[in-house]
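Here is the structure we will look at.
Chain letters run A, B, ... following the sequence lines, proteins first, then strands; residues in each count from 1. Worth saying up front: this structure is predicted, and the values here are computed from it rather than measured.
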Amino acid sequence: MSESARQTVSTRATPPKRGTRSVWPVICLIAVLLILSAYLLLVVSNVVYLTGIDEASFSSVAQLLKDLRRGIHDILWFFTSGRMSSRFWLTVKTASISTMLSLLVGIPAGYALSRFRFPWPNLTRTLIDLPVMVPPAAVGVFLFGVMHGWPVKPLCEMIGISFAHNTNGVILVQFVVTVSFCARLMKSSFDGVNPHFEQVSRSLGASLPRTFWKLTLPLAKRGIIASTIVVWARAAAEWEALMLFVGGTEAETDVMPFAVYLDWNGGMMGWVASYSIACILLAVASMAAVRIIAGKSYLW
Amino acid sequence: MNSSNDNTAIGVHNGRATGMRSRAVIFTAIFYFITVMLMLAVCWLFLSNVDQLFPREDTVRTEAMDAWRSDEPTKEFAGGCWRFPSFWRSVNLTVVSATVTTLIAAILGIPAAYALSRYKIPGRAVIDVLFSSVIVLPASSVGLCLVVMFQYGPLHDILDGWGIHVPLSVPGIVVVQLVLSLAMGMSAWRAAFDGVKPRFEHVARSLGASPWRSFRTVTLPSARAGIFAGLILAWTRAAAEFGGVLTFCSTFEQFSPELFSPIIRALHLHKADPLAVNMWAQIEYGNVEYGFAIGFVLVMISALSVYVLHKIGGKGYIW
Amino acid sequence: MLRALSCFLATALMLAATGCGDSGNVMLFHAGVGQRSSLNEIKDVFLARHPNARLNFAYKGSGYFIADLERSREGDLFMPGEEFYFLQAVERGFITDYDPKTDIAAHFMVVIATPRGNPKNIQELEDFAKPGIRVGLGNPKACAIGIWDEKTFRKAGIWEQVKKNQVQSAKCIAETASAIQHREVDASLIWSSTAVLYLRDIEIIPIEPRYRGLVRLPVGVLKFSKHPELARQLKEFMLSEEGSKIFRSHAYVTDPGPLDEQGFCLDGGMASRDDCKWLVQAAKVCKDENIPVNAETCGHLVGEVRRQRATKRAGTR
Amino acid sequence: MIEIRNLGITLGEFHLHDVNLTVHDGEYMVLLGETGVGKTVVIECIVGIYRQNHGSILVDGQDVTALYIEERNMGYVPQDYALFPNLTVYNNIAYGLATRKMPRDAIAAKVEPMMDLLNVSHLRSRLPLNLSGGEMQRTALGRALVTEPRILLLDEPLSALDENTRSELSAELRRIHDAVGGTFLQVCHNFEEASDVADRIAILNAGTVVQTGTIDEILSEPASPFVARFTRTRNILDARAEACSGGCVLALGGEHTLDCSREATGPVTVAIRPEKISILPAGAAISENNCLSGHIVRTRLKPNHAEITIETDRGPTLIAYTPRSAVDGTLTEGSSVCARIAPGDIRVFHKDAT
């Protein structure tokens, strides 16, 4: 054996030809470029549309400059108007409130899901993740059914709260759409904290609640903050369920993504494009913030 | 003396321990309670609407309105939706378009996710942020961007020259669905490839395998669960798409078949709305039971996909 | 960390609490999505006089209302985009005091709309039947324009041919109009009051008088109204001279002249002639920066044109 | 022959500079260094995972720097073996041949003897997930060897194993090397492990190769105090040297002096291997030269020898190894002894050398 092996080594198989360099890496990079350029085209065409520059603008340099100046003026006009800022603040307000409500439920639920045992784990997990995957439009329809059915409707009437066609309804929709998403993200954040820390803390005499407040929460801080931002961004992007459950009232329920749809229906494309750009900026900014705060994390 | 000391020590300890124990029990109980309430609320949201599937006794019916609904009566369970071709056309369109979307997303997204996971691409963090931001982008905004992209500027001129109208068409549905399902799929594929150590590929290549071969024979099988998870996520997102289709494709029931390409006619994709849009449309038409029935179909699709996702243990980045 | 979190949550609860207790004087107005801009102005004027009142809108496609009202039994006023849907509500007993003679707030006029520049050179109804024209139609099950599409083309005797050209089945008037705006279809029928929102981006062609539909827009107080007195005042305001003026400035027709029982013009379009003229004129002025905007060039639509001329992309309120 | 010339690479905080290394055909070379010194990076440069910033890697005189990993034909066994989890043992070993598009029976004809050689034939259809450490290692070896690579690069192949398996497997590695007659370059951080298998050893420190040679050369002539320490020279002492004929005299503190056959002057560092110290009864100091008198402070029995710590009178503490059989009543703790060191067994380094 050793002799034959020795011989095979000396008569080495020729190494693979140099021509076999694969195009695979090139394909991969092309795919990235393709998606990236499509995405940028998507966003840039929106901005260009808002400026109002079209083929006619390229007839002469003077015309182009004139249209550019006009476009910049228009963009400033849209973005500095009270209509924009009121929608923006409405979005910020409703998304913040619903995010906070989501946190109130999501943090304990996330911790419980991460640390406690539940019977029928597959069913439990599916239940928690279901509203994340169900189309928001269906959530809107189902919310319509729940809110107009027994016992919610008589109860609301008794307390004197209305959720139809007003800001409360917006907050409710955003809360319903984001709460399990929030619990999901919080579970991931708490999963990132090694339970050994908690065991050591409790062996040193700290009670479970104290361990949670003083150790687990600070350790999971980055994850929690990042999750909060994502939940906020998701709440601020909600509109399909709004459209099916709340309906649009000026300055009351038309948060920016919804205003995009409403103004779209009113033909006010200038506003549509402006809101849309604002929504994109909001989404990118929140994702960038998350990236800076938390690096990467798993959702599932 | 010694023994009394011991006793107090034990006594104090016991007292503290009981206090701590009760605190721990209360804490645990509260957290359990909140979680169980959340689950019950989810159950309530979906299950309490089962009664919407039954026609209501107190619903006032008028002849004029029922005349409009004549082809889709609502006097039976779930509006009798299963008897209507429009329902099955909807299912067909959703399944076919979501599958086509998922295929395109996979062809584009898997290599892209692999590149982002493995290669040093300048500005990778920025690209990551851009791609993940699609997940929190409102669909209305996406729909508008698509309309502007396809109806204005050079792209429109080129496509118009070829006689292609993307909005208001079946391919338009795929385009809309692609945006979000690509982002969702890539989040899972990124995670899948990040989970496979590059060392496997180095070894494979040191054995003479080309990058493609090492990807195909080593990385891809190892990342199988994640790839499937991404496909499921992408498919479910595509099937659930509503807002984008509404703004970009409007709806196109009742079209004359001559306007469609033979492929689309052969697959019976014309004359239908995607399920999510059809749900809304049926409620607009006043067929509430029918609409809720479609809603339940969508919920069941989602539940199934979430369940399978957990079953195969796929992971996905959210950011 | 703990403190910050509790502060955060406390603020949340406070904000949520303040957001909740305000169902005092809020009225809910179910209105067709096509009436949005005019009703917003009505709301502003009305609320200026009734500072304690508040008014929320639920804009939808007309077909949705019956389903919504059936399930929710909520709301104070009702104004769908067609009398047909209104009569549904009357028939179901949601509105008890409808008087077809007096309760019509305004009329929509059906007009032909084409993309800017009219690339397929649509001039009259018959052009819709030409092969190769991409026609957008409404879905009659969901919205009023769908009903009028069918009525109008049937009267013109070209319904079957037009159906062959259909590429869109819109669920509300706005879908039809924005398809025109973005050149997704070549021609559609839309309301005059919708067309006026798109002056910069579409061409408006009046329909010849015998096929020109004028759509009655009734308004009524719902029987389950929680603020019937206030709602009645708002309805009165909309029916008053002042209300009519606001509607007219949004290109509604307030004086339709004699109509047949289907809603088409009878007098050769004499009464709505001016409305047609100013609509076409306004579309022209809005696109041409060199023409001054005043009552001589745009008639009663001067406000609308001015708003749209402010920016290149329509920024009407 | 694999030659590495002036290889330099910077990876973040980490630098390698001027690494020179020559591996002759059929040689078993071990690259030795402390953890984190960059041994793995050298291996990965040779494999082609990293591209060096400067310098070159020559195979039979031909520069392979521009070649991709798959074109270099280097066998690579990473530390965790990286057995493809989706392939059976047989398919793992056959992988490299399959990529060369060899016919099925030709692959079998190569894989079967290789599996026999490595004693993994009975595992052929098992997946790597449930293999033991040794089985995984042999499979990984087989996978790399069956393609007849120019050189086999082993990255710490034994570090993840327990002590017993390790010594068995190093014998196994040596057996395989001798059986296939290939060229091996192994990386490890343990001198004993290296001495089990290596023909020659290269020692890497502070980003460069500090000494290359056979075990004997390195043991007897360490190039620096670092090498001496690294090769288990337990006695590293400070001293002053004064030149004299045939070498020097070292002053070790107290009244102790030692003759040394190497030339040096001034402050020096002295390295004495523990097994070179012979322990004599206390009185011997007078009759023998190069003797340091003192007493035993500790005696520890090790598997192969006894480690005896001697505190010399007002001088340095020495550690000496003697055969276990030599440990009797006289070598108990506290007893006075003499430590004798032959002049030729003392290595001296200048003070500033490291």
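By number of non-hydrogen pairs under 4.5 angstrom with chain B, the leading residue of Ala233(A), Ser286(A), Ala237(A), Pro108(A) is Pro108(A). Counting heavy-atom pairs under 4.5 Å between each of Val42(B), Thr35(B), Ile34(B) and chain A puts Thr35(B) at the top. For the set Trp44(B), Tyr32(B), Tyr307(B), the count of heavy-atom pairs under 4.5 angstrom toward chain A peaks at Tyr32(B). Between chain B and the residues Gly106(A), Pro25(A), Ala138(A), Gly110(A), the largest count of heavy-atom pairs under 4.5 Å involves Pro25(A). Comparing Leu33(A), Ile30(A), Val105(A) by how many heavy-atom pairs each has under 4.5 Å with chain B, the most go to Val105(A). For the set Val147(B), Ile110(B), Asp51(B), the count of heavy-atom pairs under 4.5 angstrom toward chain A peaks at Val147(B). For chain A, the option among Thr236(B), Ile294(B), Leu116(B), Val299(B) with the highest count of heavy-atom pairs below 4.5 Å is Val299(B). Between chain B and the options Phe212(A), Trp24(A), Trp264(A), heavy-atom pairs under 4.5 Å are most frequent for Trp24(A). Looking only at heavy-atom pairs under 4.5 Å with chain A, the residue among Gly291(B), Cys145(B), Gly143(B), Ala139(B) that has the most is Cys145(B). Of the listed residues Leu41(A), Ile27(A), Leu40(A), the one with more heavy-atom pairs under 4.5 angstrom with chain B than any other is Leu41(A). Among Cys28(A), Ala31(A), Ala109(A), the residue making the largest number of heavy-atom pairs under 4.5 Å with chain B is Cys28(A). Most heavy-atom pairs under 4.5 Å with chain A, from the set Val134(B), Leu155(B), Thr247(B): that is Thr247(B).
Ile35(A) touches chain B through backbone and side chain together, each having a heavy atom under 4.5 Å away. Residue Ala183(A) touches chain B through its side chain alone, counting heavy-atom pairs closer than 4.5 Å. Residue Ser305(B) touches chain A through its side chain alone, counting heavy-atom pairs closer than 4.5 Å. Only the side chain of Leu34(A) comes within less than 4.5 Å of a heavy atom of chain B; its backbone N, CA, C and O stay farther away. Only the side chain of Tyr119(B) has a heavy atom closer than 4.5 Å to any heavy atom of chain A. Of the atoms belonging to Phe150(B), not a single heavy atom falls under 4.5 Å from chain A. For chain A, no part of Val126(B) is nearby; none of its heavy atoms comes within less than 4.5 Å. The parts of Leu143(A) that come within reach of chain B are both its backbone and its side chain, each placing non-hydrogen atoms under 4.5 angstrom from that chain. Residue contact with chain A, scored on non-hydrogen atoms closer than 4.5 Å, is absent for Ile107(B). For chain A, the nearby part of Asp157(B) is the side chain; its heavy atoms alone come within less than 4.5 Å. When heavy atoms are compared at a cutoff of 4.5 Å, Met279(B) approaches chain A solely by way of its side chain, counted from C-beta outward. In this structure, chain A has a heavy atom under 4.5 Å from the side chain of Leu38(B), while its backbone stays farther away. In this structure, the portion of Phe27(B) lying under 4.5 Å from any heavy atom of chain A is its side chain and not its backbone. For Tyr39(A), the part sitting under 4.5 Å from any heavy atom of chain B is the side chain, from C-beta outward, and nothing else. Contacts between Leu244(A) and chain B at a heavy-atom distance below 4.5 Å involve the side chain alone, from C-beta outward. Contact annotation for Ser48(B): only side-chain heavy atoms (C-beta onward) come within less than 4.5 Å of a heavy atom of chain A. Neither the backbone nor the side chain of Ile30(B) has a heavy atom closer than 4.5 Å to any heavy atom of chain A. Within the 4.5 angstrom heavy-atom criterion, only side-chain atoms of Met243(A), from C-beta onward, approach chain B. Of the atoms belonging to Ala113(B), not a single heavy atom falls under 4.5 Å from chain A. Both the backbone and the side chain of Phe242(B) have a heavy atom closer than 4.5 Å to some heavy atom of chain A.
Looking at Trp280(B) and Val141(A), their side chains never come closer than 4.5 Å, going by heavy atoms from C-beta outward. The shortest distance between side-chain heavy atoms of Met39(B) and Leu113(A) falls below 4.5 Å.
Shortest non-hydrogen contact noted between Leu127(A) and Cys43(B) is CD1-SG, 3.6 Å. Across all non-hydrogen atoms, the minimal contact from Leu146(B) to Leu42(A) is CD2-CD1, 3.5 Å. Taking each heavy atom of Leu36(A) and Phe131(B) in turn, the nearest pair found is N-CZ, 3.9 Å. The minimum heavy-atom distance between Val129(B) and Ala288(A), with the atom names listed, is CG1-N, 3.7 Å. Among all heavy-atom pairs drawn from Arg237(B) and Val134(A), the shortest one is NH2-O, 4.5 Å. Nearest heavy atoms, Ser302(B) versus Pro135(A): OG-CD, 3.7 Å.
With rounding to the nearest 0.5 Å, the separation of OG in Ser140(B) from CD in Glu238(A) is 9.5 Å. The CZ atom of Arg234(A) lies 11.0 Å from the CG atom of Leu137(B); values are rounded to the nearest 0.5 Å. In this structure, the separation between NE2 on His310(B) and CG on Asn122(A) is 8.0 Å, given to the nearest 0.5 Å. Atom CG of Leu45(B) sits about 10.5 Å away from atom CE of Met147(A), to the nearest 0.5 Å. Atom CD1 of residue Ile283(B) and atom CZ of residue Phe144(A) lie 7.0 Å apart, to the nearest 0.5 angstrom.
By a heavy-atom distance cut of under 4.5 Å, Ser45(A), Asn46(A), Tyr49(A) are the residues of residues 44-53 of chain A near chain B, going up by number.
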task = Output, in order, the C-alpha distance, side-chain angles, deciding distance and verdict of side-chain contact (heavy atoms from CB on, under 4.5 Å) for Val32(A) and Ile127(B).
result = CA-CA 9 Å; Val32(A) 173; Ile127(B) 296 175; 4.3 Å; yes

message = side-chain contact (heavy atoms from CB on, under 4.5 Å), that's the test. Do Leu144(B) and Tyr261(A) meet it? Break it down for me.
response = CA-CA 9 Å; Leu144(B) 164 95; Tyr261(A) 179 71; over 6 Å; no

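Atom CZ of Arg118(B) has more than 12 neighbouring heavy atoms from other residues, nucleotides or ligands inside a 6.0 Å radius.
The only option from Leu233(B), Ile232(B), Leu298(B) that meets the side-chain contact (heavy atoms from CB on, under 4.5 Å) definition with Met133(A) turns out to be Leu233(B).
Ring geometry for Phe296(B) against Phe142(A) counts as perpendicular: the plane angle is over 60°, on a 0 to 90° scale with 30° as the lower cut.
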